[in-house]
Amino acid sequence: MQIAIGSDHAGFDLKEDIVGLLKTLNIDCLDCGPSNRDSVDYPDFGGKVSGLVSEGKVERGILICGTGIGMSIVANKYPNVRASLCNELFTAKMSRMHNDANILVIGGRIVGKDLALEIVRTWLATAFEGNRHLMRINKIKTIEEDLNIHGTGKS
Ligand code: RB5
C-alpha cells in the first residue's frame, strides 16, 4: 500500500513524526510536503494528497493541519475521497470499519505525538466491514454522480 501524506505549517512536525512511523512500518510513503515550517496554505497540500487518492494513484492519504478541519473540508471536495477527522482512537477505528475512510486527517495542534501515532497505527490496522456499510458508501457515489462531480460540471 502506498500512502500520500501532506500538511501545512501547523501540522509539519507531526507529519515528520508520521513519516518516520510509516518508514519503520515499511509502508511506502509519498511525502507531498511541505518541507519546512514556513507558513503555507492548507488547500495547496490537502489538494495534492486528495487528488492522488481521488484518481487512485495512491490507496490512502494522511493530512495534518492545526485542527484538522481545513484539511477535512478540502479533502472531501474530491470525488472518491472519504476523509475522516480522527483526533482520538474510537473515531479512527470506526472511520475504517464503517466508512472505509481513505484519508485520515489529524489536528496537529489538538493531538500529542504519541496519541497521533497510535491513531495512525489503529487506522492502518483496521479493516472495512463491508455489507450494509458498503451499500451506504455506494449511495455516496450516487450522490457524487448526481451532482456531476465526476463530469466536467458544464453539462
Ligand atoms: C493555520 O493557522 C490553521 O488555520 C490551519 O492549520 C488549520 O487549523 C485550518 O483548518
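It should be emphasised that the depicted structure is a prediction, and the values quoted were computed from it without experimental measurement. Order of listing sets the numbers, starting from 1, for every ligand and every atom in it. Just so you know, these numbers use all the heavy atoms, side chains as well, and skip hydrogens, waters and symmetry mates.
Contacts with ligand 1 closer than 4.0 Å are made by side-chain heavy atoms of Asp8 only, the backbone lying farther away. Within the 4.0 Å heavy-atom criterion, the part of Arg109 lying near ligand 1 is the side chain and not the backbone. Residue-level proximity to ligand 1 for Cys65 is carried by backbone and side chain together, each with a heavy atom below 4.0 angstrom.
Between Glu144 and Lys141 there is no salt bridge, since none of the side-chain N atoms of the basic residue sits less than 4.0 Å from a carboxylate O of the acidic one. Residues Asp13 and Lys113 are not paired through a salt bridge, judged by the lack of any N-O separation under 4.0 Å between the basic side chain and the carboxylate.
Close approach of ligand 1 to Gly66 (heavy-atom distance below 4.0 Å) involves ligand atoms 5 (C), 6 (O), 7 (C), 8 (O). Ligand 1 places these atoms under 4.0 Å from at least one heavy atom of Tyr42: 9 (C). Atoms of ligand 1 found under 4.0 Å from any heavy atom of Ala10, numbered from 1 in the order shown, are 6 (O).
His98 approaches Ile137 most closely through the heavy-atom pair O-CD1, 4.1 Å. Here the closest non-hydrogen pair linking Ile119 and Ala92 is CG2-CB, 3.9 Å.
Within the 4.0 Å cut-off (strictly below), a protein heavy atom is located near atom 2 (O) of ligand 1.
Ile5 CD1 to Phe45 CZ: the interatomic distance, rounded to the nearest 0.5 Å, is 13.0 Å.
The residue from Leu63, Asn87, Leu117 that alone fulfils the side chain to side chain contact (heavy atoms under 4.5 Å, CB included) condition with Ile106 is Asn87.
Remark: ligand 1 and Gly70 share an N or O pair separated by less than 3.5 Å (distance only, no angle test). Remark: ligand 1 and Gly68 share no N or O pair separated by less than 3.5 Å (distance only, no angle test).
Looking at heavy atoms from C-beta onward, Leu30 lies out of side-chain contact with Lys57 at the 4.5 angstrom threshold.
Residue Met71 places no heavy atom under 4.0 Å from ligand 1.
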